[in-house]
There are 2 protein chains.
Amino acid sequence: MDWSAHASECLDEAGHRSGHARRQVVELLAGADCALTALEIDRRIESVGRASVYRTLDRLEQLQLIQRVDVGGDAAGYERVDASGHHHHLVCQDCGQLSPFTSEQLEDAIEAVGRGSGFALASHDVVLRGTCPGCGERDA
Amino acid sequence: MDWSAHASECLDEAGHRSGHARRQVVELLAGADCALTALEIDRRIESVGRASVYRTLDRLEQLQLIQRVDVGGDAAGYERVDASGHHHHLVCQDCGQLSPFTSEQLEDAIEAVGRGSGFALASHDVVLRGTCPGCGERDA
DNA sequence: ATCTGTGCAAATAGTTTGCATCCTC
DNA sequence: GAGGATGCAAACTATTTGCACAGAT
């Protein structure tokens with residue numbers, strides 16, 4: 001089952017109804033490569049009110065079907081949470097492009113911090129900023 | 001030399017002048033335990049316009065004397081960059097408290113990701129969210 | 001039929017900008 | 001004295017809320 005079907009099911013089980021706005025937002029997120037901001041989503045979908053985009057994102061986040069990603073810009077990004085894999089983000093300071101990465105070593109280190117801190121960790125974000133290969137070449 | 005003197009010096013060298021607002025913002029940040037938002041700073045300082053707070057924060061960030069910290073709330077936090085040490089943040093989802101931590105293992109893992117990605121890393125943020133020991137106890 | 005989802009418009013919150021004035025160098 | 005720093009108020013951007021109505025169950 002793909003994410004969009006899974007998301008719809010979870011929303012239904014949580015007692016939410018399926019409207020036209022919700023379907024479109026879920027659809028878009030299902031096909032997205034990486035995080036999208038609420039405004040990007042709103043712009044890409046005709047005939048859906050901005051408020052509905054925000055409300056749908058809230059519900060999805062509450063159910064942990066999507067995750068908020070703060071990469072330092074003005075607007076918050078949202079991307080689906082895949083059962084398959086958890087990832088983090090590299091942000092290019094020049095072109096603004098967002099690329100995902102994974103690192104077991106990193107996850108291990110975070111887990112160790114959690115154990116040492118006494119906090120019961122629920123989630124975590126890692127954002128690396130720098131110059132991507134493409135932009136680095138251009139400058140050189 | 002403490003941070004506030006260092007910051008003033010850097011600002012001067014960058015060609016900025018020292019006014020009453022700048023002095024107060026630097027002073028506050030120098031004594032802060034962890035990140036403060038622009039609005040917190042504004043509220044804590046009488047007789048300084050909000051715009052001056054933002055402008056001073058911009059200049060400090062540009063010179064890398066402070067660092068912006070996004071912990072997921074609505075407002076961005078700012079905290080001084082100490083030569084001594086670089087740290088990250090644990091956020092309690094219940095009480096909202098922010099605590100700093102350091103981890104060499106984590107820094108190593110990040111460096112490794114940088115090498116593997118082709119990105120020239122400039123900076124990075126790590127935010128861990130969970131329940132702090134105090135709030136965990138209270139719930140139990 | 002009921003009660004939630006939706007769209008619009010207005011309200012809010014954080015941040016930025018324009019401009020006249022003050023004050024540092 | 002010149003030019004940056006400051007404060008105020010207005011502008012802006014992202015996000016939230018109130019409300020009437022359409023639509024899902």
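Lettering follows sequence order; numbering is per chain, from 1. Just so we're clear, the structure is a prediction, and the values are computed from it rather than from any experiment.
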Q. Does the distance from a Lys or Arg side-chain N to an Asp or Glu carboxylate O, for B/Asp12 and B/Arg22, drop under 4.0 Å?
A. yes
Q.
Check this for me, if you would: do A/Glu111 and A/Arg115 make a salt bridge, where the nitrogen-to-carboxylate-oxygen distance has to be below 4.0 angstrom?
A. yes
Can you find a heavy atom in the side chain of [X] that is under 4.5 Å from one in the side chain of [Y]?
X: B/Gln97; Y: B/Cys132; answer: no
X: A/His6; Y: A/Leu65; answer: yes
X: B/Leu57; Y: B/Leu29; answer: yes

Tell me: [atom1] of [X] to [atom2] of [N], nearest whole Å?
X: A/Leu11; N: C/dT6; atom1: CG; atom2: C1'; answer: 15 Å
X: B/Asp58; N: C/dG14; atom1: CG; atom2: P; answer: 17 Å
X: A/Gln24; N: C/dG7; atom1: CD; atom2: C1'; answer: 14 Å
X: A/Ile41; N: C/dG7; atom1: CD1; atom2: C1'; answer: 17 Å
X: A/Asp70; N: D/dA14; atom1: CG; atom2: C1'; answer: 12 Å
X: A/Glu13; N: D/dT25; atom1: CD; atom2: P; answer: 14 Å

Q. Can you tell me how far the CD atom of B/Glu40 sits from the CZ atom of B/Arg43, to the nearest 0.5 Å?
A. 6.5 Å
Q. Linking I/L/V/M/F/W/Y whenever their side-chain heavy atoms sit closer than 4.5 Å, directly or via other members, would B/Phe101 and B/Val91 fall into one cluster?
A. no
Q: Report whether A/Leu121 and A/Val113 are members of the same hydrophobic cluster (ILVMFWY, side-chain heavy atoms less than 4.5 Å apart, transitive linking).
A: yes
Q.
Strictly under 4.0 angstrom, non-hydrogen atoms only: write out the protein contact profile of nucleotides 4-13 of chain D, one letter per nucleotide from the 5' end, B, S or -.
A. SSBBB-----
Q. Going by the angle between their ring planes, with limits at 30° and 60°, are B/His86 and B/His124 parallel, tilted or perpendicular?
A. perpendicular
Strictly under 3.5 Å: I want the nitrogen or oxygen pairs between protein and nucleotides 20-22 of chain C, one per line.
none

Q) Would you say B/Tyr54 reaches C/dT16's phosphate, i.e. side-chain N/O to OP1/OP2 under 4.0 Å? A) no
Q. Around atom CG of B/Asp2, are there more than 12 heavy atoms of other residues, nucleotides or ligands at under 6.0 Å?
A. yes
Q. Which dot-bracket string describes DNA chain D (Watson-Crick N1-N3 plus N6-O4 or O6-N4, or G-U N1-O2 and O6-N3, all under 3.5 Å; [ ] crossing; | other strand)?
A. |||||||||||||||||||||||||
Q: Verify the distance criterion only: is there a donor paired with an acceptor across the side chains of B/His16 and B/Gln62 at less than 3.5 Å?
A: no
